[in-house]
Structure formats: structure tokens, C-alpha cells
Amino acid sequence: RTWEKVDVAIATAMMDDAFNIIDKDNDDILLVAGDSDYVPVVAKLIERGFEVEVAFWGQAAKEFCDTAANFFELDGKLDEFIRAAPSAAA
């Protein structure tokens, strides 16, 4: 299942970046996802002192939203994203 490999790759990259790039005293980690498969990695990073925030639409898994330090619901934000996006070159 390709999507499972993607979840594992994202979780692995998050852990690698957290311990090799992120300055946990000054940086936050933002994951845009709603799948509860990420709960273990988010919980472990928070346990290790990282600030992990999650952004997704309202159908995000409740356990996942509850695990993150902060959850930002994206419902109703699509128009803002479209307005903020640079225009494509013609």
C-alpha cells in the first residue's frame, strides 16, 4: 500500500529533521495531516520536548488533534489559500 509507505516516510523524515535540523528551543514542527497513524511520532516528539502542531480539515482524527500541541482547523480557509497563492505565469 503506497499510502502507508508515504506515512512512514513522512514520520521518519520528521524524526530525522527533529534531531538533526530543528532547534527545539526556537522552532516548531507543523504537520499538515489528519491521519491517526501519525499519533505515535507526534507523541514521541512532544515527549522529547519538541513543539508539534497539526493543521488539517475538520475530519482529522480526534486522537491526532488531541495529541498535537496545537491543532489548526483548515475548514473555511481554502479561499484564503487561493488568494494568497501567487498567480501562475502565463
Side-chain heavy atoms of Trp57 within contact of Lys77, under 4.5 Å: no
List the atom of Val54, the atom of Ala68, and the distance in Å for their closest heavy-atom pair. CG2-CB, 3.5 Å
Is it true that a side-chain atom of Asp28 and a backbone atom of Val52 form a donor plus acceptor pair closer than 3.5 Å? no
Rounded to the nearest 0.5 Å, how far apart are CG of Asp37 and CG of Asp7? 5.0 Å
Are any non-hydrogen side-chain atoms of Phe64 and Val42 less than 4.5 angstrom apart? yes
When rounded to the nearest 0.5 Å, the distance separating CD of Glu53 from CG of Leu31 is 11.0 Å
Check the pair Lys44, Phe50 against side chain to side chain contact (heavy atoms under 4.5 Å, CB included), reporting the backbone distance first and the verdict last. CA-CA 9 Å; Lys44 182 57 74 175; Phe50 292 93; over 6 Å; no
To the nearest 0.5 Å, atom CE of Met14 lies from atom CD1 of Ile21 at 12.5 Å
Minimum-distance pair of heavy atoms, taken over all atoms of Glu51 and Ala69: OE2-CB, 3.4 Å
Which value, rounded to the nearest 0.5 Å, describes the distance between Thr67 atom OG1 and Lys62 atom NZ? 9.5 Å
Would you mind reporting whether Met15 and Leu45 have side-chain heavy atoms less than 4.5 Å apart? yes
Looking at SG of Cys65 and CD of Glu73, how far apart are the two atoms once the value is rounded to the nearest 0.5 Å? 8.0 Å
How far does CD of Glu63 sit from OH of Tyr38, to the nearest 0.5 angstrom? 14.5 Å
Has Asp16 got a side-chain atom pairing as donor or acceptor with Thr12's backbone, closer than 3.5 angstrom? no
